[in-house]
Amino acid sequence: MLDSVTHSTFLPNTSFCDPLMSWTDLFSNEEYYPTFEHQTACDSYWTSVHPEYWTKRHVWEWLQFCCDQYKLDANCISFCHFNISGLQLCSMTQEEFIEAAGICGEYLYFILQNIRSQGYSFFNDAEETKTTIKDYADSSCLKTSGIKSQDCHSRTSLQSSHLWEFVRDLLLSPEENCGILEWEDREQGIFRVVKSEALAKMWGQRKKNDRMTYEKLSRALRYYYKTGILERVDRRLVYKFGKNAHGWQEDKL
DNA sequence: TACCTCTTTCCTGTTT
DNA sequence: AAAACAGGAAAGAGGT
């Protein structure tokens, strides 16, 4: 299964590998940006490319998919270990996966090997795939409950499905942003919604809801004023992160 | 099952 | 006039 990989394992340079690094950190760190050359938000999704040819972004998309689909706890994943290309990912041994993601690493390794051997037909039947994963878990004496809270390295969850986190992560990911959102005042956390309907469409895609509109999305955003996640800015399409929002500050990334 | 949070949906009225 | 804002109300989804 691994024969096709001819490159030796080369994990990222651990000299700048912060064990507390989150996914948001990873993609907002200027040191990492140059590695995304030629990539745009319009590049193909990971499922349309063979794992050996995945870009770093594809690897990220795959990780996010695994966390969402199999309810893996992203807190267990040391993201800096996955700031790598598909070729590098395919070169990782099971032990290295475990080192990078604890018990989740074992699942990720299993899923990756299945994609490599079976292609994306592995995902054709979601229920069947889940059963396969479950069988694997059972045979490995792994329990779902055991995936949580062990070997946790990161402080940000990839599973975050809250709207404000989605907005925050979009602001921090220029590759995905496509000019939909932009900072008005980075230090104060003030941002502008540039393409309101595009934002709604993207949020709708995330929630698998093709009826999402900016009007409905903005209603949800207004609820955040109550909880201090957002603060009111008296300008159209302009919002500000409140005291209860976290993870957006430049100096705290 | 009950309860909770976070939306989603719909609405009326207001502001830009 | 159109788009966006402001919130109330109720329903839905997912988690515990």
Side-chain angles (χ1 to χ4, degrees), chain A residues 22-24 61 63-77 101-104 107 111 123 125-131 133-134 137-138 142-152 154-173 176-185 188-249:
Chain A
S22 71
W23 200 248
T24 301
E61 288 168 349
L63 273 178
Q64 191 161 41
F65 168 85
C66 291
C67 287
D68 288 345
Q69 189 74 15
Y70 304 114
K71 305 295 176 221
L72 302 184
D73 186 355
N75 289 327
C76 298
I77 299 171
I103 205 145
C104 288
Y107 278 86
I111 294 165
F123 296 113
D125 185 324
E127 284 312 308
E128 193 176 300
T129 303
K130 280 179 183 172
T131 305
I133 297 284
K134 187 179 177 299
D138 290 344
L142 299 172
K143 297 295 172 210
T144 304
S145 60
I147 301 174
K148 310 270 182 185
S149 315
Q150 290 182 17
D151 301 325
C152 295
S154 169
R155 57 179 186 268
T156 302
S157 173
L158 273 178
Q159 293 181 87
S160 61
S161 59
H162 291 169
L163 173 58
W164 76 269
E165 292 169 305
F166 168 77
V167 167
R168 175 199 64 191
D169 294 344
L170 212 50
L171 276 161
L172 299 174
S173 306
E176 280 190 80
N177 194 327
C178 257
I180 290 171
L181 294 167
E182 65 181 35
W183 289 108
E184 280 239 319
D185 188 325
Q188 291 197 63
I190 300 172
F191 60 93
R192 176 196 298 278
V193 177
V194 181
K195 301 174 186 171
S196 57
E197 284 311 316
L199 178 67
K201 194 176 174 187
M202 214 166 192
W203 175 238
Q205 280 171 356
R206 168 69 69 93
K207 298 292 290 288
K208 297 181 173 59
N209 175 3
D210 54 11
R211 298 175 309 283
M212 181 50 59
T213 63
Y214 178 70
E215 190 177 1
K216 290 187 275 193
L217 182 151
S218 64
R219 178 69 189 97
L221 289 178
R222 289 195 292 275
Y223 270 122
Y224 287 133
Y225 296 147
K226 269 188 176 179
T227 54
I229 297 291
L230 292 178
E231 288 175 21
R232 213 173 251 110
V233 175
D234 289 329
R235 271 180 293 154
R236 286 187 153 205
L237 299 166
V238 179
Y239 298 85
K240 180 182 191 298
F241 286 117
K243 60 184 187 305
N244 292 328
H246 55 80
W248 58 270
Q249 295 100 323

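Chain A is the first sequence line, chain B the second, and so forth, proteins listed ahead of strands; every chain is numbered from 1.
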What's the separation between atom [atom1] in [X] and atom [atom2] in [Y], rounded to the nearest 0.5 Å?
X	Y	atom1	atom2	value
Leu171(A)	Phe191(A)	CG	CZ	6.0 Å
Asn177(A)	Leu172(A)	CG	CG	9.5 Å
Glu165(A)	Ile229(A)	CD	CD1	8.0 Å

Write down the distance between [atom1] ([X]) and [atom2] ([N]), rounded to a whole number of angstrom.
X	N	atom1	atom2	result
Lys207(A)	dT7(B)	NZ	P	6 Å
His162(A)	dC4(B)	NE2	C1'	12 Å
Tyr225(A)	dG8(C)	OH	P	14 Å
Leu199(A)	dT7(B)	CG	P	13 Å
Leu221(A)	dC5(C)	CG	P	9 Å
Glu231(A)	dA6(C)	CD	C1'	17 Å
Tyr214(A)	dA3(C)	OH	C1'	10 Å
Leu230(A)	dC6(B)	CG	C1'	14 Å

Any side-chain to backbone donor/acceptor pair from Ser218(A) onto Glu215(A)? Under 3.5 Å, distance only.
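Flag set: sc Ser218(A) to bb Glu215(A) pair under 3.5 Å.
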Side chain of [X], heavy atoms from C-beta onward: which of [options] has the nearest atom to it?
X	options	answer
Lys216(A)	dC6(B), dG8(C), dT8(B)	dT8(B)
Arg211(A)	dG7(C), dC5(C), dT9(B)	dT9(B)
Tyr224(A)	dG7(C), dT7(B), dC5(C)	dT7(B)
Ser218(A)	dA6(C), dT9(B), dC5(C)	dC5(C)
Leu237(A)	dA4(C), dG7(C), dT8(B)	dA4(C)

Partners passing salt bridge (Lys or Arg N to Asp or Glu O under 4.0 Å) against [X] (at least two apart in sequence or in another chain):
X	value
Arg222(A)	none
Lys240(A)	Glu231(A)
Glu184(A)	Arg192(A), Arg235(A)

Quick one: side-chain hydrogen bond (donor to acceptor under 3.5 Å, both in side chains) partners of Tyr224(A), sequence neighbours excluded?
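Expected list: none.
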Can you list the residues that meet the side-chain contact (heavy atoms from CB on, under 4.5 Å) rule with [X], with sequence neighbours excluded?
X	answer
Arg232(A)	Tyr225(A), Asp234(A)
Ala220(A)	Leu163(A)
Asp185(A)	Glu187(A), Gln188(A), Ile190(A)

Categorize Leu163(A) for me: base, sugar-phosphate, or nothing, with a 4.0 angstrom heavy-atom threshold over every strand shown.
sugar-phosphate
Please confirm whether the shortest side-chain N or O distance from [X] to OP1 or OP2 of [N] is below 4.0 Å.
X	N	result
Trp203(A)	dT8(B)	yes
Arg232(A)	dA6(C)	yes
Tyr239(A)	dC5(C)	yes
Asn209(A)	dA13(C)	no

What are the two closest heavy atoms between Trp248(A) and Gly242(A), and how far apart are they?
NE1-O, 4.4 Å
Residue met sooner reading DNA chain B from 5', once Thr227(A) and Thr213(A) are mapped to nucleotides
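The residue mapped nearer the 5' terminus is Thr227(A).
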Listed pairs under 3.5 Å, donor-acceptor, residues 193-205 of chain A side chains, sequence neighbours left out:
unit_1: Lys195(A); atom_1: NZ; unit_2: Cys178(A); atom_2: O; d: 2.8
unit_1: Glu197(A); atom_1: OE2; unit_2: Tyr214(A); atom_2: N; d: 3.4

Using atom names, set out every protein N or O paired with an N or O of nucleotides 13-16 of chain B below 3.5 Å, distance rounded to 0.1 Å.
unit_1: dT15(B); atom_1: O2; unit_2: Arg236(A); atom_2: NH2; d: 3.4
unit_1: dT16(B); atom_1: O2; unit_2: Arg236(A); atom_2: NH2; d: 2.9

Of all of residues 188-197 of chain A, which get a heavy atom below 4.0 angstrom from DNA chain C, listed by number?
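Residues of residues 188-197 of chain A that come under 4.0 Å of DNA chain C are, in numerical order, Ser196(A).
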Polar pairs (N or O, both sides) under 3.5 Å between protein and nucleotides 9-11 of chain C?
unit_1: dA9(C); atom_1: N6; unit_2: Tyr223(A); atom_2: OH; d: 3.2

